[in-house]
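Read the numbers this way: they start at 1 and go in the same order the structure lists the ligands and their atoms. Computed from a predicted model, the values in this text were never measured in an experiment.
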Amino acid sequence: MDQNRLRIAIQKSGRLSSDCQLMLKGCGVKLNLREQRLIAHAENMPIDLLRVRDDDIPGLVMDGVVDLGIVGENVLEEAVMERQATGEAAEYSVLKRLDFGGCRLSLAVSEEFDYQGPKSLEGKRIATSYPWLLKRYMDGQGVKFKSVMLNGSVEVAPRASLADAICDLVSTGATLEANGLEETDVIFRSKAVLIQSASTLATTKQKIIDKLLPRIQGLQQARE
Ligand code: PRP
Ligand code: ZN
Ligand code: MG
């Protein structure tokens with residue numbers, strides 16, 4: 001890869017991908033995303049987009065594999081906590097909090113569950129893709145639990161008897177509703193953020209960032 005091209009990691013498919021692409025388009029970055037390629041080169045600026053799973057974005061930025069990343073704060077904070085626990089470096093800076101990708105990480109139980117607050121989950125199994133954020137919340141509540149790690153289909157866990165409760169992302173609430181679950185505690189509120197690697201950037205790359213940031217700011221102001 002060309003070292004003079006700014007590398008930005010974005011989610012390949014999911015809740016952030018279309019808003020990310022729209023934002024870049026709004027910044028004047030011309031992308032050819034028709035092909036399902038991992039790397040998309042901007043046609044009119046020295047920018048390469050890496051299209052990956054959102055969970056991989058914090059690590060790619062913190063390891064300096066890419067220069068920038070757009071990711072949900074939920075995924076970012078979870079990755080930071082995991083890295084801190086394993087003694088790995090977790091350095092990055094937030095360039096901008098974005099105005100899309102809003103969601104919350106919440107606890108939810110089945111409608112039949114007699115929920116009287118977090119203490120009702122003492123000793124219970126909670127299915128989640130965010131074990132570190134969940135543990136921090138439950139530690140704060142003084143409640144011990146067992147986490148059941150699932151990377152997807154978390155909402156079916158109670159019905160499948162894999163867990164007694166879940167801790168998952170909620171945006172419209174449709175997924176909870178469709179699965180007979182009730183949101184009980186919001187444990188983390190999240191939006192998309194633009195983050196930058198802690199490695200020193202080449203001047204050429206810094207110049208592109210200096211061009212992009214005011215454009216992002218302009219887009220957000222126009223939407224306010
Ligand atoms: C989240 C979550 C639910 C859904 C909730 O998954 O796991 O499946 O969104 O949204 P709703 O309240 O509007 O129904 P998502 O696919 O966004 O995250 P992921 O791609 O990182 O798994
Ligand atoms: Zn994900
Ligand atoms: Mg999901």
Checklist outcome for this item: The option among Asn179, Thr128, Leu169 carrying the non-hydrogen atom nearest to atom 18 (O) of ligand 1 is Leu169
Checklist entry - Is the closest heavy-atom distance from Ser171 to ligand 1 below 4.0 Å? => result yes
Checklist entry - Is it true that Asp56 and Lys12 make a salt bridge, defined as a side-chain N closer than 4.0 Å to a carboxylate O? => result no
Checklist entry - What distance separates Leu68 CG from Ile10 CD1, expressed to the nearest 0.5 Å? => result 12.0 Å
Checklist entry - Numbering the atoms of ligand 1 from 1, which are under 4.0 Å from a heavy atom of Asp54? => result 21 (O)
Checklist entry - Is any side-chain N of the basic residue among Asp48 and Arg7 closer than 4.0 Å to the acidic one's carboxylate O? => result no
Checklist entry - Is there a side-chain contact between Lys211 and Lys207 (heavy atoms, below 4.5 Å)? => result no
Next on the checklist: For Thr175 and Glu155: C-alpha separation, side-chain torsions, deciding distance, then whether side-chain hydrogen bond (donor to acceptor under 3.5 Å, both in side chains) applies.
Outcome noted: CA-CA 7 Å; Thr175 302; Glu155 64 277 0; 5.7 Å; no
Next on the checklist: Taking 4.0 angstrom as the limit and counting only heavy atoms of Thr172, give me the atoms of ligand 1 inside it, by number and element.
Outcome noted: 11 (P), 12 (O), 13 (O), 14 (O)
Next on the checklist: Tell me whether the count of non-hydrogen atoms from other residues, nucleotides or ligands lying under 6.0 Å of NZ in Lys124 goes above 12.
Outcome noted: no
Item to check | Side-chain donor-acceptor contact under 3.5 Å, Glu78 with Asn74 | outcome: no
Item to check | Mode of Asp55 contact toward ligand 1 - side chain, backbone, both, neither (heavy atoms, under 4.0 Å) | outcome: neither
Item to check | Interfacing atoms of ligand 1 (cut-off 4.0 Å, heavy-atom, Ala174) | outcome: 12 (O), 14 (O)
Next on the checklist: With heavy-atom distances below 4.0 Å as the criterion, list the atoms of ligand 1 near Val170.
Outcome noted: 12 (O)
Next on the checklist: For Gly173, state whether at least one heavy atom is located under 4.0 Å from any atom of ligand 1.
Outcome noted: yes
Next on the checklist: Under 4.0 Å, heavy-atom basis, I'd like to know which part of Asp168 is in contact with ligand 1: side chain, backbone, both or neither.
Outcome noted: side chain
